[in-house]
Every structure is written in structure tokens, then in C-alpha cells.
Amino acid sequence: MDKNAPKQIPLLSGDLSIADQKQAILAAIIADSDDAIISKTLAGIITSWNPAAIKMFGYTEQEAVGRHISLIIPPDRMNEEELIISNVAKGNKVDHFETIRMAKDGHLIPISVTISPITDRSGKIIGASKIVRDISIYKKVTEKQGMLAAIVDSSDDTILSKTLDGIITSWNKAAEKMFGYTAQEIIGKHVTIIIPPERIEEEIFIIGEVSKGNKLDHFQTIRKAKDGRLVPISLSVSPIVDDTGKIIGASKIARDISEQLDGEQERARLYEQVKALNDKKDEFIGLASHELKTPLTSIGGYLQILSTLIKDEKAARFVEKTRRQLKKLSVLVSDLLDVSKIEAGKLRFSIERFDIRQVITEVIELFSYGNNNYQITLETDLAELMISADPNRIEQVINNLLTNAIRYSPGNNRIIIYLSREAGNVKVGIRDFGIGIAPEKIKHVFSRFYRVDESNPNVSGLGIGLYLSQEIISRHGGRIWAESEPGVGSIFWFTLPPEG
Ligand code: ADP
């Protein structure tokens, strides 16, 4: 039935007696009620059953009238009925008794029932009328409210609500703990009570946003506790709307972030400490290698002079050996200096156009000069290959790769250098037939100070040659990588864009 339609109360007509008219009005009210209205005898037999009862319990009038009221009473509540009947029989009314009844399909309905005795003309109680209201929705709402209240109370975050004028209207347990005010003390007070004076402006901004219907998420700020303590918080604010959608206030959730901030500060402090130490170490390496370079250069100069002066063959051999060791030492010191330049972001290149084939040939000659037992061959179809790069740095990379190929190939003297052009890029490969590298170690060999321990304990090194090579190649826009098989050998490849 349409609830908004005017009620179909029969017009009082002159044809009906007053009693009949009253009867008709009552019948219309009963038929139109949203509450189930049921009457029954003292023995519990149903005598009337209105449309709302049909809707609420699912039994038609024919199905219900004449049956015992236990039809709608769940078995575990049967004794309630005896109590009600005995009360009604004594002429008492039972008001808003909350219980549960059962519909035809077995579902349970929370109800509020009011039961009144029905008397006959002589005043004798002959039965009872029941007005039954379905309170499931109300029950659900209160359950939900109870649940929400429990969540709000058990939250570790402050949850408060306030009007648009800033008056606090609710204050949970966490808020009491965080700010030291009890709910009693603070509800009804203005929210500025917990805002440090220099942050009052924030509240104006927040209220402005909330009034526009906007939410504020994780806004980091500071609030003031009752004892004056400042509490760093992360604040989320949402508008509260009424049934009509009108914004009537704001709910605020505030999380104490002091611990988080302490943690962050501690991490930042440790990071700064470690970084400062690391910077100091790099600075020291840079300084030490720089200082070492000067005497090394003059030793080199004196050795050169010495070699021209010495006539004795044995002595000349010693001078030559010393020169070779000095060269190794110079390379180590230069490499260290380069590492410190990389760390300081000061590694510079001077780009020129040059023939990389020429550079490779010269490096091979230089290596073969001192070690004529090495068989280093260049495999290429190209007569020349011009590129734009820093020739000294590219030579340094080829030198490093060739030095490694020799160092990590004990007993093998064959090395092949490949030079080709691939997809417009220059591609160089240095292949040895030495000890190789285990697959799981390959990805580490370009890391700073990394050495494959078991590769050869007799070979000394600092683990920076490949790190420098990678830095040089990638800073030229190229790529460097290794292919290797333990016991078979390795190929170290690098590519360079033709224009560097
Ligand atoms: P270093 O040779 O001074 O230790 P590198 O950076 O040049 O430092 O090389 C890093 C590590 O990679 C070496 O210690 C070695 O274990 C491994 N390695 C480099 N080249 C080869 C190679 N051709 N064959 C086998 N292992 C190699």
C-alpha cells in the first residue's frame, strides 16, 4: 500500500450507527497500520491478523486465524507466552516488550510488542490484543553504532568531532591519553585549546576546506597537550554530513608521530655519519694517491737517466725490472685516483676523433714488447674505425681488459681481440682461454673493490680495474659485459656509440 496515499477512512455516514462508524474507523486503522496487530483468546488462539502481520510473518489471514500463537514463537521462547498470558489474564498491560518472533520462512524478527487485555461488555477478560513493531532496522542501527563506538574507543589514534564553529563534540580514549584532557573536560570547548597559538591559522584553513566538502589527508602538524607538551601528529580531517547532505561538522583522526619522527631523525643522523666517514675515506684516497704520484713520476725520471748512464748489463736489467714494477705501481695509484674522482663526480673526458683500431694495435704492440711469449691477435675486417671518445680513457679500458686476460690465464698465452661494427656501434671483445668466472659471480665483477676470491690467490689486485672500465664505457654511452665459463675462458665485450 502506498504510504503517502490519503488514508481510506470511510466517511462518517448518516446510514451507520455511531458504534458501526467507530468500528469502521478502527478497522481502517488496523488495516492500514505498519505494526502487526493481532488478537488472540486467553487460550492463545489467534482471532485476528491484520495486513501488516501478513507482511511481517508471511502467513495469510486464513493460515493464521484459528491457529495457536505459538505459530510465530521460536521454541526457546515458548515460556514467555505463558508469562504474558498470565499477566494479561490479571488485567495487566505489557508495554514495549522486546523479544524475538519467527516468520513462516523461519527467519527471526526482533520485535517490540505491546499487549493489552480485551474485555467483553461485562468487563471479563476474554483475550489479548498485540501490537507488534519490527525493530530489526533499529537493532541493526544500534548494533552498528555500538560497533563504531567500540572501534572509536579502542583506536590508538585520537578521534574527535567538532562543529563547523570548532566546538569539540566527541573525544575518544586515545585523545584523553594523547592530550591529557578527559572527554568531560574538553567536550563543548573550542578546538583551539589543543592548537599552539602560532598554528591557529591552520584551523581556519582546515575548517575552510571541510566546509567546501574537502577531505584532508595525513597533514603533519603539531598540537598541544594539557601539560603544554607539544605532540607531532599526522592529521586526517573529513566533513560530517547530516541526513540532508548538509555539512555540519568535521571528524578528525590524529596519529602521534613522535616515534616515527625520532626513528627518521635517528636514521638521517646515522646516514649523515656514515656518509661523512665515507667522504673522508674517499678524500683520503684521493689525497694519498695524488701525493704518491709526484714522487713516482720523479723516480721514473731518475730511472730513465740511470738506464742511459749504466753500462753494466746486470745492473741495466735491474733498472729495467725496477721500471716495470714502477709502471705497475703508477697504474695502481692512477686507478685509485680515478676512483676518488668518480666518487667526487670529477672524472672528466676530453673527446677526440680517433681510429680505435690504431689504439688497439698500439696496445697489443706495447704488451707484446715486454712479453714476447704472449700471442695476442686482432681479428677484424676493418682497416680503420674512427670514433669520437676520450682516447686515453678508451686505451685505459683496453689495457685493463688485456691485463686481466693475461693475469687470469696462467699457462695460456693466447688472447684474441675482436673489433667490429654492430648496429652502428663499435664492438670490442677481448677473449682469453684462462680460468673463467663462475656464472653467479659474473654480475659482481664490475663492482668497486670486488674480487673473485678463488680465482687466483697468487694474483694481487684491488678489484677496481673493471669498475673503472665500466664507469668509462657507460659515461661514453656504451655498455660493457662479460661472458665466461669456468675452466674455458672469458670474453669481455664493450660497445661504444660511434660519436661517443
Ligand atoms: P683486479 O683484477 O684488480 O682484482 P678487476 O676489477 O680488474 O680487479 O677484476 C675484478 C675481478 O674479476 C678479479 O679479481 C677477477 O677475479 C675477475 N676477473 C676479471 N677479469 C677476468 C678474466 N679475464 N678471467 C677471470 N676472472 C677475471
Side-chain angles (χ1 to χ4, degrees), residues 281-282 285-286 288-289 292 296 324-343 347 360 363-364 366-368 370-371 373-379 392-419 427-476 478-495:
K281 180 209 69 194
D282 285 339
I285 293 176
S289 41
L292 282 168
L296 281 178
R324 254 190 251 156
Q325 291 302 322
L326 183 73
K327 194 162 172 259
K328 278 190 191 166
L329 187 58
S330 299
V331 169
L332 273 178
V333 171
S334 302
D335 281 358
L336 274 174
L337 195 58
D338 283 347
V339 169
S340 73
K341 279 185 188 160
I342 291 173
E343 297 308 312
L347 190 69
I360 295 173
V363 173
I364 294 176
L366 212 73
F367 266 81
S368 310
N371 311 282
N373 46 340
Y374 286 118
Q375 194 198 324
I376 309 170
T377 48
L378 171 63
E379 279 192 17
N392 292 326
R393 291 298 181 182
I394 300 302
E395 185 181 336
Q396 186 182 352
V397 171
I398 299 168
N399 254 318
N400 277 345
L401 298 181
L402 203 53
T403 310
N404 280 349
I406 293 168
R407 286 160 86 202
Y408 299 107
S409 305
N412 265 296
N413 54 7
R414 197 153 66 92
I415 287 156
I416 306 170
I417 303 187
Y418 303 101
L419 172 68
K427 188 177 179 191
V428 179
I430 289 152
R431 172 175 203 169
D432 65 58
F433 300 87
I435 56 171
I437 307 164
E440 70 278 8
K441 305 272 168 75
I442 284 194
K443 58 178 181 293
H444 300 298
V445 293
F446 298 98
S447 309
R448 191 165 66 140
F449 304 130
Y450 181 84
R451 309 200 67 221
V452 181
D453 319 323
E454 63 271 29
S455 59
N456 192 341
N458 302 322
V459 180
S460 61
L462 292 177
I464 52 180
L466 289 180
Y467 166 72
L468 283 176
S469 304
Q470 184 182 47
E471 187 70 20
I472 293 168
I473 296 297
S474 64
R475 291 268 308 270
H476 275 81
R479 205 164 77 79
I480 186 166
W481 72 99
E483 288 166 9
S484 186
E485 206 183 318
V488 177
S490 316
I491 312 183
F492 279 79
W493 295 102
F494 69 85
T495 57

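Counting starts at 1 for both ligands and their atoms, in listed order.
Screening Asn399, Ile398, Asn400 for a side chain to side chain contact (heavy atoms under 4.5 Å, CB included) with Ser469, the sole residue that qualifies is Asn400.
Every atom of ligand 1 with a heavy atom of Ile464 under 4.0 Å away is listed here by number and element: 6 (O), 8 (O). Below 4.0 Å from some heavy atom of Leu462 lie the following atoms of ligand 1, by number and element: 3 (O). Near Val445, the atoms of ligand 1 lying under 4.0 angstrom from a non-hydrogen atom of the residue are 10 (C), 12 (O). With ligand atoms numbered from 1 in the order given, ligand 1 contributes 25 (C) to contacts under 4.0 Å with heavy atoms of Gly436. Remark: ligand 1 atoms within the under-4.0 Å shell around heavy atoms of Ser490 are 24 (N). The atoms of ligand 1 that sit less than 4.0 Å from any heavy atom of Gly463 are 1 (P), 3 (O), 4 (O), 6 (O), 8 (O).
In this structure, Phe446 has no heavy atom closer than 4.0 Å to ligand 1. Within the 4.0 Å heavy-atom cutoff, Lys441 does not count among the residues contacting ligand 1.
The backbone of Tyr450, and not its side chain, has at least one atom closer than 4.0 Å to an atom of ligand 1 (non-hydrogen atoms only; backbone = N, CA, C, O). Under 4.0 angstrom from ligand 1, the non-hydrogen atoms of Leu466 come from both its backbone and its side chain.
With a 4.5 Å cut-off on side-chain heavy atoms, Tyr408 and Asp432 do not count as touching. Side-chain contact between Glu379 and Arg431 is absent, with no heavy atoms from C-beta onward closer than 4.5 Å. You'll find the side chain of Ile415 reaches within 4.5 Å of the side chain of Ile430, heavy atoms only. In this structure, the side chains of Ile376 and Val363 stay at 4.5 Å or more apart for every pair of heavy atoms. In this structure the side chain of Lys427 reaches within 4.5 angstrom of the side chain of Trp493, judged on heavy atoms. The shortest distance between side-chain heavy atoms of Phe433 and Val488 does not fall below 4.5 Å.
Here Tyr467 contributes atom OH and Ile472 contributes atom CD1; the two are 11.0 Å apart, rounded to the nearest 0.5 Å.
Without hydrogens or angle criteria, Ser490 side chain to Glu483 main chain gives no donor-acceptor distance under 3.5 Å.
For atom 16 (O) of ligand 1, the nearest non-hydrogen atom from the set Leu402, Asn400, Val452 comes from Val452. Checking Tyr467, Phe449, Tyr408, Phe433 against atom 2 (O) of ligand 1, the nearest heavy atom belongs to Tyr408.
For ligand 1, the polar-atom distance check finds no N/O of Ile437 at less than 3.5 Å from any of the ligand's N/O atoms.
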